[in-house]
Amino acid sequence: MPAELPSSILPTRIDDKGRIKLPADFFHFFEALPERKVYVTSTDGRIAEIYPISTWRETEKFYIANRKMDSARRALFTAGRLGSNCEVDSQGRVTIHSTLRAELGLDNQELHLQPWNLNRIRILSAAMFTELMSDCKAADPKKDEDELLAAGLP
């Protein structure tokens with residue numbers, strides 16, 4: 001059984017060589033996969049993501065199969081423009097392509113790694129983290145709870 005991603009959002013930074021160091025639990029997730037290759041990209045031009053290569057291949061197939069949808073076509077174009085293949089090295093570091101770092105403003109700041117959809121990791125800039133925090137603080141907890149219960153949350 002493959003390792004699971006942790007549920008915590010954890011801080012990180014990009015080093016002077018353009019790499020992030022994955023916390024141990026995140027690294028173990030990738031270490032347990034058949035391939036250490038990853039695809040690092042953004043599909044929306046706002047949030048970077050680290051996909052295990054098998055997950056990216058399935059995601060890419062979805063976008064290609066749905067390329068008549070404007071949103072799928074845009075996501076695939078953005079991912080191809082900003083993305084790059086790399087490997088998780090033996091010390092748990094992942095290289096973030098300079099184009100992706102520049103476009104999303106990821107250098108020289110604290111970043112946050114967020115497990116996403118049980119199969120990839122999002123890299124949140126300080127601005128994106130603040131935006132998501134503000135959204136959570138502005139939400140109506142009762143409305144959120146009712147919506148989740150209606151959707152079948154156990």
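Owing to the predicted nature of the structure, the values given are computational and were not obtained by experimental measurement.
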Does CZ belonging to Arg81 count more than 12 external heavy atoms closer than 6.0 Å?
yes
Distance-minimising heavy-atom pair for Asp140 and Lys142:
OD1-N, 3.0 Å
Interatomic distance, His97 atom NE2 to Glu103 atom CD [nearest 0.5 angstrom]
12.0 Å
For atom CG of Leu118, decide whether the heavy atoms of other residues, nucleotides or ligands shown that lie under 6.0 angstrom number more than 12.
no
Roughly how far apart are Ile121 CD1 and Trp116 CH2, rounded to 0.5 Å?
13.5 Å
With a 3.5 Å distance limit and no angle check, can you tell me whether Asp15 reaches the backbone of Lys17 through a side-chain donor-acceptor pair?
yes
Count the heavy atoms of every other residue, nucleotide or ligand shown that sit under 6.0 Å from NZ of Lys37, and state whether that count exceeds 12.
no
For atom CD of Glu147, is the number of surrounding heavy atoms from other residues, nucleotides or ligands below 6.0 Å larger than 12?
no
Is there a side-chain contact between Asp144 and Pro141 in this structure, where contact means two heavy atoms from C-beta onward sitting under 4.5 Å apart?
no
Between Arg120 and Leu5 the two heavy atoms that sit nearest each other are O-CD1, 3.3 Å
For Leu113 and Pro115 the tightest heavy-atom approach is O-CD, 4.0 Å
Got a donor-acceptor contact below 3.5 angstrom from the Gln109 side chain to the Ala126 backbone?
yes
Treat each ILVMFWY residue as a node, draw an edge where side-chain heavy atoms are under 4.5 Å apart, and state whether Phe29 and Tyr51 are in one component.
no
Taking all non-hydrogen atoms of both residues, which atom of Leu104 and which atom of Gly45 are closest, and how far apart?
CD1-O, 3.7 Å
Is it the case that more than 12 heavy atoms not belonging to Arg46 sit under 6.0 Å from its CZ atom?
no
What distance do Phe129 atom CZ and Leu111 atom CG have between them, rounded to the nearest 0.5 Å?
11.0 Å
Take Leu76 and Thr78 through the test side chain to side chain contact (heavy atoms under 4.5 Å, CB included) and record every step on the way to the result.
CA-CA 5 Å; Leu76 188 58; Thr78 301; over 6 Å; no
Identify whether Met128 and Leu82 are in the same connected component of the hydrophobic contact network (ILVMFWY, side-chain heavy atoms under 4.5 Å).
no
Given Asp70 and Arg73, is the salt bridge (charged side-chain N to carboxylate O under 4.0 Å, His left out) satisfied, shown in steps?
CA-CA 5 Å; Asp70 291 339; Arg73 193 171 50 254; 2.3 Å; yes
When clusters are formed by joining ILVMFWY residues with side-chain heavy atoms under 4.5 Å apart, either directly or through shared neighbours, do Tyr63 and Val40 land in the same one?
no
For a 4.5 angstrom cut-off between non-hydrogen side-chain atoms, does Thr59 reach Glu49?
no
Counting N and O atoms only, with roles assigned by atom type, does the side chain of Lys21 sit under 3.5 Å from a partner on the main chain of Gln91, one being a donor and the other an acceptor?
yes
Please check if the side chain of Thr12 supplies one atom and the backbone of Ile20 the other of a donor-acceptor pair under 3.5 Å.
no
One pair to check against side chain to side chain contact (heavy atoms under 4.5 Å, CB included): Asp89 and Val94. What are the steps and the verdict?
CA-CA 7 Å; Asp89 74 13; Val94 177; over 6 Å; no
Spell out, yes or no, whether Ile47 and Ile14 are grouped together once hydrophobic residues are joined by side-chain heavy atoms under 4.5 Å, including indirect joins.
no
CA sep, side-chain torsions, deciding dist, call: Gln114, His112, side chain to side chain contact (heavy atoms under 4.5 Å, CB included):
CA-CA 6 Å; Gln114 178 188 22; His112 292 86; over 6 Å; no
Given Phe26 and Ile50, is the side chain to side chain contact (heavy atoms under 4.5 Å, CB included) satisfied, shown in steps?
CA-CA 11 Å; Phe26 287 84; Ile50 304 170; over 6 Å; no
Verify salt bridge (charged side-chain N to carboxylate O under 4.0 Å, His left out) between Lys61 and Glu58, making sure each step is shown before the conclusion.
CA-CA 5 Å; Lys61 285 178 189 175; Glu58 290 304 312; 3.4 Å; yes
For Asn108, look at atom CG and say whether over 12 heavy atoms of other residues, nucleotides or ligands are found less than 6.0 Å away.
no
Examine distances only and state if a side-chain atom of Arg57 and a backbone atom of Ser54 form a donor-acceptor pair shorter than 3.5 Å.
no
Phe77-Ile64 co-clustered via ILVMFWY side chain contacts under 4.5 Å
no
Between OG of Ser98 and CG of Leu106, what distance do you get to the nearest 0.5 Å?
11.5 Å
With no hydrogens and no angle check, is any side-chain donor or acceptor of Asn66 less than 3.5 Å from a backbone partner on Phe62?
yes
Ring geometry between Trp56 and Tyr39 (parallel below 30°, tilted from 30 to 60°, perpendicular above 60°):
parallel
Would you mind checking if Glu87 and Arg36 are paired as a salt bridge, meaning a charged N to carboxylate O distance below 4.0 Å?
no
Determine the minimum heavy-atom distance between Ala48 and Ser42, stating which atoms define it.
CA-CB, 4.2 Å
Distance in Å, Thr41 OG1 paired with Ile123 CD1, rounded so as to fall on 0.5 Å steps:
10.0 Å
Main-chain N/O of Ala75 paired with Thr43 side-chain donor or acceptor, under 3.5 Å
no
When every non-hydrogen atom of Gly92 is compared with those of Val88, the smallest separation belongs to CA-CG1, 3.9 Å
Can you tell me how far apart CZ (Arg93) and CG (Leu22) are? Round to the nearest 0.5 Å.
11.0 Å
